[in-house]
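Have a look at the structure below before the remarks.
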2 protein chains.
Amino acid sequence: MTAPAPDPLDTVFAALADPTRRAILTMLLEDDMAVTDVAEPFAMSLAAISKHLAVLAEAGLITQEKRGRVKWCKLEPDALRAASVWMQGFGQFDPVDLDAFERFLETELGPGDGV
Amino acid sequence: MTAPAPDPLDTVFAALADPTRRAILTMLLEDDMAVTDVAEPFAMSLAAISKHLAVLAEAGLITQEKRGRVKWCKLEPDALRAASVWMQGFGQFDPVDLDAFERFLETELGPGDGV
DNA sequence: GGCATATTCAACCGGATGGTTGACGATTTC
DNA sequence: GAAATCGTCAACCATCCGGTTGAATATGCC
């Protein structure tokens with residue numbers, strides 16, 4: 001652990017840079033989920049998803065709590081606030097346009113993909 | 001070029017994940033700059049900065065225009081809007097707190113580092 | 001023309017990242 | 001206690017990333 005503690009923004013943005021991880025976050029918007037259930041829709045191994053979840057947890061974007069043999073994953077939206085605030089500094093954004101958000105979420109999820 | 005066009009959010013967030021690149025964006029908030037001038041405050045080669053700028057341009061976060069032998073770099077804040085909008089979906093953020101933004105910018109630049 | 005300046009290109013390097021598979025520890029269930 | 005389930009660990013692999021150096025390609029100046 002001699003690593004010199006990188007800027008939290010580094011890890012948050014890096015975590016968000018992967019589409020699988022963004023999809024996971026979107027899923028967790030709905031509800032808390034077990035690791036196995038998170039992995040279910042993806043065409044990759046459970047171990048890979050487990051790693052993605054570790055990255056998200058490292059960034060503070062989720063927390064994981066083990067109850068019994070099941071590990072529950074919970075969205076931690078506050079971690080996004082720092083990044084969001086940072087970005088707002090550029091361009092004097094208008095207050096966020098929720099219609100645009102809807103459109104983007106649709107793009108994210110893929111049209112006709114009813115996740 | 002058989003690469004299947006990654007989600008723009010991938011490249012934007014990946015670009016933002018590097019502290020050098022975020023610092024560059026912050027510099028460009030002030031004014032457009034030539035590549036050499038962008039590189040000046042950093043303890044790394046000009047070629048490295050040139051690559052960073054290419055990443056930012058690829059993500060659409062800046063544009064570069066060559067006038068004479070000088071290539072000018074210009075912030076393109078609109079590219080951040082998509083990412084910002086995506087993030088707003090999580091956590092029903094309050095409208096952004098500009099005081100918090102100031103504090104974060106200070107953290108970014110480093111206290112007592114008068115860049 | 002010839003030299004200095006601005007920027008990129010190309011090759012290279014070490015380390016991180018995203019994925020795999022198979023073994024393993026922990027927990028529940030029968 | 002034995003078997004099934006949940007999740008991680010460890011080793012491995014290919015690729016990407018951030019950096020270097022040195023040569024190459026403009027362009028501007030005299």
Side-chain angles (χ1 to χ4, degrees), chain A residues 1-25 27-28 31-59 61-74, chain B residues 1-25 27-28 31-59 61-74:
Chain A
M1 299 342 182
T2 40
D7 191 319
L9 288 181
D10 291 10
T11 49
V12 169
F13 282 129
L16 295 178
D18 186 281
T20 301
R21 288 193 290 261
R22 287 198 308 277
I24 291 174
L25 291 178
M27 286 191 263
L28 292 177
D31 207 353
D32 299 359
M33 296 177 79
V35 174
T36 307
D37 296 327
V38 169
E40 196 269 332
F42 295 99
M44 83 182 62
S45 71
L46 184 60
I49 295 294
S50 180
K51 283 192 196 176
H52 279 304
L53 289 169
V55 171
L56 290 170
E58 183 69 22
L61 292 165
I62 67 170
T63 50
Q64 297 182 283
E65 182 199 355
K66 191 164 181 179
R67 272 204 301 274
R69 62 179 164 183
V70 172
K71 200 166 186 180
W72 293 92
C73 305
K74 177 176 167 31
Chain B
M1 302 340 181
T2 38
D7 191 319
L9 288 181
D10 291 11
T11 49
V12 170
F13 282 129
L16 294 178
D18 186 279
T20 301
R21 288 193 291 260
R22 288 199 306 277
I24 291 174
L25 291 178
M27 285 191 264
L28 291 178
D31 207 352
D32 300 358
M33 294 177 80
V35 174
T36 308
D37 296 327
V38 170
E40 196 270 332
F42 295 98
M44 81 183 63
S45 71
L46 186 59
I49 296 294
S50 181
K51 283 192 195 177
H52 279 305
L53 290 169
V55 171
L56 291 171
E58 183 69 22
L61 291 165
I62 66 169
T63 49
Q64 297 182 284
E65 182 199 355
K66 191 162 181 181
R67 271 205 301 276
R69 62 181 164 180
V70 173
K71 201 166 185 179
W72 293 90
C73 306
K74 177 175 167 35

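Each chain gets a letter, A, B and so on, in the order the sequences are listed, and its residues count up from 1.
The shortest heavy-atom contact between A:Phe42 and A:Ala23 is CZ-CB, 3.9 Å. When all heavy atoms of A:Arg67 and A:Glu65 are compared, the closest pair comes out as NH1-OE1, 3.1 Å. Smallest separation of non-hydrogen atoms from A:Pro41 and A:Met27: CG-SD, 3.9 Å.
Here the straight-line distance linking atom CG of B:Leu16 with atom CG of A:Leu9 works out to 9.0 Å at 0.5 Å rounding. The distance from atom CG of A:Leu28 to atom NZ of A:Lys74, rounded to the nearest 0.5 Å, is 10.0 Å.
Note on A:Ala14: nothing from the nucleic acid sits closer than 4.0 angstrom, heavy atoms only.
Here A:Ala59 pairs with A:Thr11, A:Val12, A:Ala15, A:Leu61 under the side chain to side chain contact (heavy atoms under 4.5 Å, CB included) rule; sequence neighbours left out. With sequence neighbours left out, the side chain to side chain contact (heavy atoms under 4.5 Å, CB included) criterion links A:Gln64 to A:Val35, A:Leu53, A:Ala57, A:Ile62, A:Lys71, A:Cys73.
Note: CD (A:Glu65) to P (D:dC6) measures 18 Å, nearest angstrom. Distance B:Phe13 CZ to D:dC17 C1': 19 Å, rounded to the nearest Å.
Taken residue by residue, residues 50-58 of chain A places heavy atoms nearer than 4.0 Å to DNA chain C at A:Lys51, A:His52.
Applying the side chain to side chain donor-acceptor pair (under 3.5 Å) test to pairs two or more places apart or on separate chains, those with a residue in residues 46-58 of chain B are B:Arg21-B:His52. A side chain to side chain donor-acceptor pair (under 3.5 Å) check over residues 32-49 of chain B, counting only residues at least two apart or in different chains, returns nothing.
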Pairwise N/O distances under 3.5 Å, protein to nucleotides 27-30 of chain D:
| from | atom 1 | to | atom 2 | distance (Å) |
| --- | --- | --- | --- | --- |
| D:dT27 | O3' | B:Arg69 | N | 3.3 |

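Running 5' to 3' along DNA chain C, contacts with non-hydrogen atoms of chain A at under 4.0 Å begin and end at C:dG18 to C:dT28.
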